[in-house]
Amino acid sequence: MNVPAPRGSDAYRRIYSVVSRIPRGRVATYGQVAVLAGLAGRARLVGYALHALPEGSGLPWHRVINARGEVSERSDGGPAGRVQRILLAQERVRFDAAGRVALERFRWRPSRLSVDA
DNA sequence: TCGCTGACCCAGG
DNA sequence: CCCTGGGCCAGCG
């Protein structure tokens, strides 16, 4: 797939690779993506990588949420967060009254845990 | 090269 | 549940 690779950052490439594998109707947390990308403990980097993602990348960036099951708020107050909820809802990912996704039910559980594809 | 600046996470209190 | 503190680190002036 056309996975964008800004500035030849190996870490970013690995992160995008993992995100591209999250199936429809499922979600993964930032920390989970980090671990699957071989970057355990660097959840923040996942957030930075997604933030740097250009529009129309084709990556299912909206399937990445935080460990509390919420869509992380953008500091710039942009529409990205709202869009993310809509996209997830269209995939039948449900939010409870508190705006949280039940991770025990919607979390992606990849059969293969290695970094490569 | 230095110094911000973040779509995070977890353990504590 | 809320708040604090510490760990994480690439990109761009």
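Treat the numbers as computed from the prediction; the structure is a model and nothing was measured. Convention: sequence-line order gives letters A, B, ...; per-chain numbering from 1.
Put simply, CZ on Arg42(A) is 12 Å from P on dG11(C), counting in whole angstrom units. One atom, CD1 of Ile15(A), and another, C1' of dC8(C), lie 11 Å apart when rounded to the nearest Å. The interatomic distance linking Leu53(A) (CG) with dG11(C) (C1') rounds to 15 Å, in whole Å. Put simply, CZ on Arg14(A) is 14 Å from C1' on dA10(C), counting in whole angstrom units. The interatomic distance linking Ile22(A) (CD1) with dA7(B) (C1') rounds to 13 Å, in whole Å.
Using a 4.5 Å heavy-atom cutoff, the side chains of Phe95(A) and Leu88(A) are in contact. Using a 4.5 Å cut-off on side-chain heavy atoms (C-beta onward), Val33(A) and Val19(A) make contact. Using a 4.5 Å heavy-atom threshold, the side chains of Ser72(A) and Ile65(A) count as separate.
Among residue pairs with one or both ends in residues 79-106 of chain A, those qualifying as salt bridge (Lys or Arg N to Asp or Glu O under 4.0 Å) are Arg63(A)-Glu91(A), Glu73(A)-Arg85(A); sequence neighbours excluded. Sorted pairs that involve residues 25-46 of chain A and meet salt bridge (Lys or Arg N to Asp or Glu O under 4.0 Å), not counting sequence neighbours, are lacking altogether.
Non-hydrogen atoms lying under 4.0 Å from DNA chain B are contributed by nothing in residues 86-96 of chain A. Taking every heavy atom of residues 100-107 of chain A and every atom of DNA chain B, no pair lies under 4.0 Å.
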Summarise how protein sits on nucleotides 8-13 of chain B as a single string, 5' to 3': B when a protein heavy atom is under 4.0 Å from the base, S for sugar-phosphate-only contact, - for no contact. BSS---
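Counting heavy-atom neighbours within 6.0 Å of Arg74(A) CZ, excluding the residue itself, gives a total above 12.
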Would you list the protein and nucleotides 3-6 of chain C atom pairs, both N or O, that sit under 3.5 Å from each other?
none

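Between Thr29(A) and Val64(A), the shortest heavy-atom contact is C-CG1, 4.2 Å.
A sub-4.0 Å separation between OP1 or OP2 of dA7(B) and a side-chain N or O of Arg74(A) is absent.
At least one donor-acceptor pair closer than 3.5 Å links the side chain of Tyr16(A) to the backbone N or O of Ala49(A). Looking only at distances, no side-chain donor or acceptor of Gln32(A) sits under 3.5 Å from a matching main-chain atom of Ala43(A).
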